[in-house]
Amino acid sequence: MKIGPYKLPNNLVLAPMAGVTDRPFRQLCREQGAGLAVSEMVSSNALLWGSEKTRRRIDHAGEAEPVSVQIAGAVPAQMAGAARFNVDHGAQIIDINMGCPAKKVCNVMAGSALLQDEQLVGRILDAVVSAVDVPVTLKIRTGWDPQHRNGLAVARLAEQAGIQALAVHGRTRACAFRGEAEHDTVRAIKSAVSIPVIANGDITSPEKAARVLQHTGADAIMIGRAAQGRPWIFREIAHFLATGRRLPPPAPAEICAILTAHLANLYTFYGEYTGVRVARKHIAWYSKGQREGNAFRQHIHRLDSAEAQLASVRTYFDQLIDPPVMAA
Ligand SMILES: Cc1cc2nc3c(=O)[nH]c(=O)nc-3n(C[C@H](O)[C@H](O)[C@H](O)COP(=O)(O)O)c2cc1C
């Protein structure tokens, strides 16, 4: 699949997730087979650009190309400014967030709340596309609520505005994360526009990935929550799509190696204090479904140093590799 001049290595995309898809996680998912990893959103409010959070979000050192950065906001001129700001800091693709239902975004009428005002959508798209020389992509939900599923109209607007790829999460804004994502709207959008379409929502396994691609005819799929604590899902899906066979799940020793390398990158990227705190949720995700996972997670939440956190992770996974022999 191509986005502007960039040919992606495959059709698997890591979804932008605020608080999750920081640079270490994006790099890890790319290593594990994602063809594109969209960054967490950067606010269009210039007052926030000096913050530590934004400073980290615009740090793309060592990231695989193309670097895609998501921007969020509702004022066309501010969104144009945010696009230029990010291109100046290394973004090679600008992605516009009209898909996020989070309160903080929607209260200021951004994210998926924008879908109820198609005129404003058009003005934002025009402003951003004409502000930068790099490809601009758009991420939407299927509509405002189930009675106002205007995803198709927005997709046509996007195509007219020069948007170069469109990701569609198969829920409306009102659905939040409830119920199953539907992919019929994505299918309708794909057959109505000629820009690349990326299907998103509840893709949690290689089989589901294949079914969604087949059902929608989409050019690519985007995976969010299923990659949390499971970045290897990308190589599993890539393998399944190529061969029709499942890769065996990674053994505890490999999970431990991936996780400890991930932790080391988090400590370097955030510094020890914040790194240890950001790492807790990732460790919890990696240990989901593993033996004695609950007790391990409670223990991890009490640790404050990188050394103690790493040591506990190693001990925990070591005993998954070599379970202690119980006395009869
Ligand atoms: C913790 C979290 C943060 C998210 N942040 C964003 C965001 O910043 N921008 C955005 O467009 N979507 C955001 N989303 C939505 C995801 O990109 C994706 O559309 C959604 O999770 C559905 O895909 P999934 O079923 O594969 O998780 C977020 C989702 C989660 C779970």
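Index from 1, following the sequence. Just follow the structure's listing: the first ligand is 1, and inside any ligand the first atom is 1.
Atoms of ligand 1 found under 4.0 Å from any heavy atom of Phe177 (numbered from 1 in listed order, with element): 20 (C), 21 (O), 29 (C). When each atom of ligand 1 is checked for a heavy atom of Ala15 under 4.0 Å away, the hits are 17 (O). Numbered from 1 in the order shown, with element, the atoms of ligand 1 that lie under 4.0 Å from a heavy atom of Arg225 read 21 (O), 24 (P), 25 (O), 26 (O), 27 (O), 31 (C).
At under 3.5 Å, not a single nitrogen or oxygen of Arg171, backbone or side chain, sits near a nitrogen or oxygen of ligand 1. Ligand 1 has a nitrogen or oxygen under 3.5 angstrom from a nitrogen or oxygen of Ala18.
Within the 4.0 Å heavy-atom criterion, both parts of Met17, backbone and side chain, lie near ligand 1. At a heavy-atom distance under 4.0 Å, atoms from both the backbone and the side chain of Asp202 approach ligand 1.
Comparing Gly19, Gly224, Pro16 by heavy-atom distance to atom 6 (C) of ligand 1, the nearest is Pro16.
The shortest heavy-atom distance from Glu40 to ligand 1 is not under 4.0 Å.
Checked for salt-bridge contact, Asp22 and Arg57 miss the test: no charged N lies under 4.0 Å from a carboxylate O. Under the 4.0 Å criterion applied to side-chain N and carboxylate O atoms, Lys190 and Asp219 are assigned as salt-bridge partners. A salt bridge is absent between Arg211 and Glu207: the closest approach of a Lys/Arg side-chain nitrogen to an acidic carboxylate oxygen does not fall below 4.0 angstrom. The pair Glu159-Arg156 fails the salt-bridge criterion, with no side-chain N (NZ, NE, NH1 or NH2) lying under 4.0 Å from an Asp/Glu carboxylate O.
Only one option out of Asn200, Thr142, Asp202 pairs with Arg171 in a side-chain hydrogen bond (donor to acceptor under 3.5 Å, both in side chains); it is Asp202.
Within 6.0 Å of the CD atom in Gln214, the count of heavy atoms belonging to other residues, nucleotides or ligands does not exceed 12.
The shortest side-chain heavy-atom distance between Val69 and His60 falls under the 4.5 Å cut-off.
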